[in-house]
Each structure stands twice: as structure tokens, then as C-alpha cells.
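Below: one structure, written as C-alpha cells.
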Amino acid sequence: MSTAALLSFLLAAVTMGALALLGRRLPGGGAYQVALGWVDLVLALGAGLATMLLGAWVLGPASLDGGVVTGADFQEYCASVATLRGDLPAHHYAMRSQAPGLLPGLLAGPLGVVDGLALASLLGSGLVGAALYGWGRALHGRVAGLCAAGFGLAMPALAVAPRVLSFYPLITGLLVAATACATLAMRARTGLGLAVGGVGVALALLADGIGLIWALPCLAVVLVAALRAPRRRWPLRLALALLPVVLSLGVGRWAYAPTHPLETQLSIMVRTNSAAGPGGPPEAEVGGYRWGWSNPLAVPASLGRLWQRSRQAGQHLQDGQEVRQARARHVSPWLPLLAVALVPAALALRRRPWLLLALGLGCLPFAAMLQRAASMETNLRFLILSMPFVPLLLGLALAWALEGPVGAAPPATPASPAPRWARALRPGIALLLLALLILGPGLTPLSARWSGRAPFPAVNDAATAVSFARTGQRRPNPEIPACTEALVRDAQRGTPQASRLYGDLQRAERP
């Protein structure tokens with residue numbers, strides 16, 4: 001462990017211990033299982049709004065170097081959005097579901113393709129913040145939810161997500177929301193809660209082909225919640241949980257019509273990062289997993305094929321200097337904080353073993369994706385997809401320090417009720433501490449001023465594509481004619497070359 005990592009570990013451990021001692025002495029404590037209400041809706045919207053605004057214009061720019069926006073494979077996303085806007089022949093990025101393209105396609109009508117993608121990513125990052133609040137709230141309480149959303153802003157990959165011109169921010173928001181919905185089903189265990197959990201599973205299945213890896217743990221959580229009732233109630237409860245999943249089959253037939261099967265998507269990823277080099281894409285799969293097209297009963301066989309291929313690919317993956325450097329910059333700094341957070345996060349749910357199970361299953365796909373990103377390709381888009389479980393665990397740990405473990409209900413004979421100001425002490429302390437950690441001195445990787453924080457290099461494909469569409473110079477490589485035609489049409493409609501949200505795309509300096 002490096003000196004900086006050891007310092008982060010020790011500082012986080014001491015801070016957590018001091019807060020735990022303080023939290024036990026503050027009045028008005030205790031986290032209990034209480035029903036969600038309009039206050040939680042307001043807090044979730046506030047968390048999403050703060051994530052959008054601070055990420056897009058305060059913390060995000062500090063984590064991006066060499067451009068005002070970034071986005072690998074911009075030509076593919078641009079052409080897909082233009083097609084969904086409805087003014088070009090069909091072209092879709094075969095690696096992605098069409099479902100997350102609906103929002104940018106709708107926004108691209110009045111705003112143009114570039115700002116349609118930009119605003120969709122901004123809203124997607126807001127969904128991540130709101131869903132992190134909901135995930136923490138469902139597991140522990142409001143303090144945990146606020147802390148999870150706040151710690152999300154400390155993750156450079158999540159902070160810069162509003163400026164990523166692709167579907168990844170929205171896909172990530174849908175997957176975090178799916179996990180939060182499934183967790184809510186386990187906590188509430190009502191008919192409405194089970195239906196919400198089923199909607200979460202459907203969201204994961206439609207968000208992306210790789211969403212299957214999130215959908216299966218979410219489905220397990222929802223089914224366990226449905227079966228925690230007398231047997232005579234099982235049929236109705238299972239029907240409420242599974243109805244949204246069944247209905248999503250029809251939507252999946254549209255969403256995945258032009259999309260590669262999951263096996264092909266992952267084979268391309270492995271081939272690109274193997275010792276054999278990029279090469280061409282593998283031959284098309286015979287069958288393969290595509291939600292809405294594949295028999296759901298064939299999912300175990302698809303998972304078996306993926307497992308076999310991942311084992312074979314592991315023998316050929318390169319772990320070169322570039323991968324090691326990226327892992328040291330963007331993954332290693334968070335491992336000491338995760339080590340500090342794991343035990344308090346588990347202690348926060350020690351009285352609720354079913355919620356602890358939901359926590360483990362919910363974090364599993366994010367952790368697996370982070371391990372894959374760290375060992376294969378440590379780039380921005382995969383880190384956006386994999387990092388949300390880190391702020392969730394940190395938020396639970398901080399909530400445990402301030403409030404202790406969550407209980408099933410308030411004590412039967414409570415002491416005299418604490419005044420309103422006392423009940424606001426813990427959330428206030430949590431928000432103040434988060435502000436100091438994220439915006440204050442750079443003592444840990446949580447701070448935007450931390451000396452070891454490495455910005456992500458911007459991929460300026462959008463600026464190159466817009467410039468080529470307007471001047472005919474600097475042809476993108478590769479160039480997709482559907483994207484160029486869409487940008488030409490935007491210019492003819494008077495859409496400015498600069499982004500309305502972020503300004504001149506050609507500007508390369510960091511703020």
C-alpha cells in the first residue's frame with residue numbers, strides 16, 4: 001500500500017470512529033423503518049438536481065482534461081440519435097439498446113443532436129444522484145441516502161458524467177434506479193413495493209444488453225421479498241413482481257431489434273483488449289441473448305457461454321503499462337476508502353439481515369464491472385457504469401457512524417421526543433462533512449483538490465464531427481454519413497456550432 005493510500009485509510013478510519021462517538025451522544029438519533037413520503041421525493045429530486053449542477057459546472061470540468069465534453073464512439077451515438085429523431089434512414093449503434101436513445105432522440109428535435117445527447121447525459125447523471133438517495137434510503141434512512149448521493153459527487157467518473165456524449169450516463173442512472181427499486185421491494189414488501197421492484201428489473205433488462213448482469217440480482221431480491229409472506233399470498237405477490245418483467249418483453253423486441261447479442265458485445269470488448277489486438281468483430285452469434293428475442297429460459301445457457309469465454313479471454317488479456325497506470329490513477333485511490341466503509345456498512349444493517357442480503361446482491365454487478373474495468377480497460381465509460389456502489393457503501397458507513405444500525409421500529413416506550421433542531425443535527429453534520437471533504441482541502445481522494453486526482457483525457461470526437469459537417473475539413477475516422485448528415489441538417493436549421501450547455505466544443509483548456 002502506498003503512503004497516500006495508507007494516509008487515506010488511517011484518516012478515514014479515525015474520522016469514522018470520531019463520528020461514531022459523536023453520533024451516540026447527539027439527541028434525536030435512531031434510524032428506523034418508516035414509510036417513504038413526500039419528503040423523500042423532495043430529497044431525491046434535490047439530490048438529483050445537486051448532482052446535475054455541481055457535476056456539470058463545478059466538479060466535472062475539474063476532472064476532464066483537453067475538452068469541454070467527451071465521448072468515445074460519438075459518430076455511432078450521433079447517428080443513432082438522429083435516426084430516433086426520425087429524419088434519417090435507420091442506423092443504430094449495434095452495441096447499445098435503443099431504449100436509452102429515446103430521450104436524446106426526443107431532445108435532439110428542438111436542440112440538435114449534440115445538445116440532445118448532452119442534456120440527456122445531464123439528466124442521466126441527475127437520475128444517478130436521485131437513485132443513490134433512494135438506494136441509501138431504502139437500506140437505512142434519509143441520512144444514508146443524502147450521504148450516498150453526496151459521495152457520488154466525489155467520484156470523478158460520476159462527476160464528469162454530465163459532459164459525456166453517449167448513452168452511458170443514462171444507462172447507469174437506469175441501472176442504479178433498478179437496484180434501488182429492488183431494494184425498496186425488500187424493505188417494504190407490500191404489493192406496491194413488489195410492483196416497483198418488478199419495474200426495476202424491467203429497467204435493467206431494457207437499459208442495455210449488459211443490464212442482464214444487474215437484472216438477475218435485482219430479480220432475486222424481488223422474488224425473495226415476494227416469498228416472505230404466507231404461502232396463500234404467493235401467487236398474487238409473484239404476479240405483481242413479475243408482471244412488469246413480462247410486459248418488458250414486448251418493449252425489448254423493439255429495443256434490441258438492431259442490437260448485437262450480449263455474447264457478441266462482450267466478445268468484441270475482449271477481442272479489442274486481448275493480445276491479438278483489435279482485429280475485426282467476431283462472427284455473428286447464432287442466437288445469443290437479446291431480451292425480447294431470446295427465450296428467457298435460455299439465460300442460464302447464455303451465462304454459461306459468457307463464463308467460459310471470460311475464462312478463456314483471461315489467458316490472453318494484456319496488462320500493459322497503460323492499463324496499470326490507469327488503474328493506479330482511477331481505481332486504486334478508492335480501495336482504502338472501500339476497505340474502511342465495508343464493515344460499518346454491514347454493521348448499519350446488522351439488525352436487518354434481509355436488507356444486508358439486498359445490499360450484497362445489489363453491489364455485486366457493480367463490483368464485478370469495476371473488476372473487469374480495472375483488469376481490462378480502465379476508461380471513463382466503464383468507470384461510470386461501475387462506480388455507483390462505492391458512494392453507496394461510503395454513505396451507509398457515514399450513516400452508521402452518525403445514527404447507528406437501522407432498527408425495525410422506534411422503541412416501544414420512547415423517551416421525550418427530541419426538538420426539531422435536534423432531529424436536523426445528523427443530516428446537517430453529514431452534509432457539512434461532505435461539503436468539507438469534497439470542496440475543502442485535498443487530504444483524501446474525495447476532495448476535488450486532492451493532488452493525486454488525475455483528470456480523464458477528453459475524446460474530442462464531437463468537436464471534430466461538428467467541424468467536418470460545417471467545413472468539410474478534418475474528416476473523422478471513422479466517419480458515419482448518417483451522423484454527418486444529421487449535423488449538416490442541424491446547421492441548416494440554425495443550431496449553433498457551440499453547445500448551448502457547455503459552450504465552444506473546440507475549447508480545450510481546463511476551467
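Proximity of a side-chain donor or acceptor of T190 to a complementary backbone N or O of G193 within less than 3.5 Å is detected. Without hydrogens or angle criteria, S97 side chain to L206 main chain gives a donor-acceptor distance under 3.5 Å. A donor-acceptor pair under 3.5 Å links the side-chain atoms of S121 to the main chain of V164, judged by distance alone. When atom types are taken as modelled, the side chain of H260 and the backbone of Y93 share no donor-acceptor pair closer than 3.5 angstrom. Between the side chain of R163 and the main chain of T70, no donor-acceptor pair closer than 3.5 Å is present. Here the side chain of R351 pairs no donor or acceptor atom with the backbone of V406 at under 3.5 angstrom. Not one N or O on the side chain of S447 forms a donor-acceptor pair closer than 3.5 Å with the backbone of T444. Judged by distance alone, the side chain of R290 and the main-chain N or O of P261 form no donor-acceptor pair under 3.5 Å. A donor-acceptor pair is defined here as one N or O able to donate and one able to accept, closer than 3.5 Å; such a pair exists between the side chain of R189 and the backbone of R228. Not a single donor-acceptor pair under 3.5 Å links the side chain of R137 to the backbone N or O of G145.
Side-chain contact between V224 and W354 is present, with heavy atoms from C-beta onward closer than 4.5 Å. When side chains are defined from C-beta on, L434 does not count as touching L153, because their heavy atoms never get closer than 4.5 Å. Side-chain contact between V390 and M387: present, with at least one pair of heavy atoms (C-beta onward) separated by less than 4.5 Å. You'll find the side chain of L349 stays beyond 4.5 Å of the side chain of P405, heavy atoms only. Within the 4.5 Å cutoff, the side chain of V199 has no heavy atoms near those of the V245 side chain. M155 is listed as a side-chain neighbour of P391, based on a closest heavy-atom distance under 4.5 Å. Residues L127 and T51 are not in side-chain contact: their nearest non-hydrogen atoms beyond the backbone lie 4.5 Å or more apart. Annotation: side chain of P156 is in contact with side chain of R453 (closest heavy-atom distance under 4.5 Å).
Scanning all heavy atoms of the two residues, the minimum distance from L205 to A215 falls at CD2-CB, 3.5 Å. Taking both residues in full, the closest heavy atoms of T179 and G362 are given as CG2-CA, 3.7 Å, listed atom of the first, atom of the second, then distance. Here the closest non-hydrogen pair linking T183 and L355 is O-CD2, 4.5 Å. For the residue pair P104 and L170, the shortest heavy atom distance occurs at CD-CD2, 4.5 Å. When all heavy atoms are compared, the tightest approach of A149 to G129 is CB-O, 3.6 Å. When all heavy atoms of A178 and G200 are compared, the closest pair comes out as CB-O, 3.0 Å.
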Discussion item. If you apply the rule side-chain contact (heavy atoms from CB on, under 4.5 Å), what do you find for V459 with L165, and how did you get there?
Written reply: CA-CA 10 Å; V459 179; L165 301 185; over 6 Å; no
Fill in: From CA spacing to verdict: side-chain contact (heavy atoms from CB on, under 4.5 Å), N379, F456
CA-CA 8 Å; N379 58 34; F456 292 96; over 6 Å; no
Item to complete: Check the pair L216, V299 against side-chain contact (heavy atoms from CB on, under 4.5 Å), reporting the backbone distance first and the verdict last.
Response: CA-CA 10 Å; L216 292 176; V299 166; 4.2 Å; yes
Discussion item. Using side-chain contact (heavy atoms from CB on, under 4.5 Å), reason through L107 and D115 one step at a time and then give a plain yes or no.
Written reply: CA-CA 8 Å; L107 296 172; D115 271 334; over 6 Å; no
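Shown here are the ring-ring contact (aromatic ring centres under 6.0 Å, His included) partners of F167, two or more places apart in sequence or in another chain: Y77. When the ring-ring contact (aromatic ring centres under 6.0 Å, His included) test is applied to W57, the partners found at least two apart in sequence or on another chain are Y502. Remark: D73 pairs with no residue by the salt bridge (charged side-chain N to carboxylate O under 4.0 Å, His left out) rule, at least two apart or across chains. Every residue was checked against the side chain to side chain donor-acceptor pair (under 3.5 Å) condition with T259, not counting sequence neighbours, and none meets it. Take C147 and apply the disulfide bond (SG atoms under 2.5 Å apart) test, not counting sequence neighbours, and it matches no residue.
Between the CZ atom of F382 and the NE2 atom of H330 there is a distance of 14.0 Å, given to the nearest 0.5 Å. Here L158 contributes atom CG and L132 contributes atom CG; the two are 7.5 Å apart, rounded to the nearest 0.5 Å. A distance of 4.5 Å separates CD in E263 from OG in S302, rounded to the nearest 0.5 Å. Here the CG atom belonging to L396 is positioned 11.0 Å from the CG atom belonging to L347, to the nearest 0.5 angstrom. Rounded to the nearest 0.5 angstrom, L436 CG and L432 CG are separated by 4.5 Å. Annotation: the span from R324 atom CZ to R329 atom CZ amounts to 12.5 Å, rounded to 0.5 Å.
Here the options are L212, L262, I213, the test is side-chain contact (heavy atoms from CB on, under 4.5 Å), and the partner is L303; only L212 passes. Evaluated for a side-chain contact (heavy atoms from CB on, under 4.5 Å) with F151, the options I438, L337, L446, L146 yield exactly one hit, L446. Put simply, the residue from L370, V176, L175 that forms a side-chain contact (heavy atoms from CB on, under 4.5 Å) with P388 is V176.
Sorted by first and then second residue, the side-chain hydrogen bond (donor to acceptor under 3.5 Å, both in side chains) pairs with a member in residues 207-216 read R96-D208; sequence neighbours excluded.
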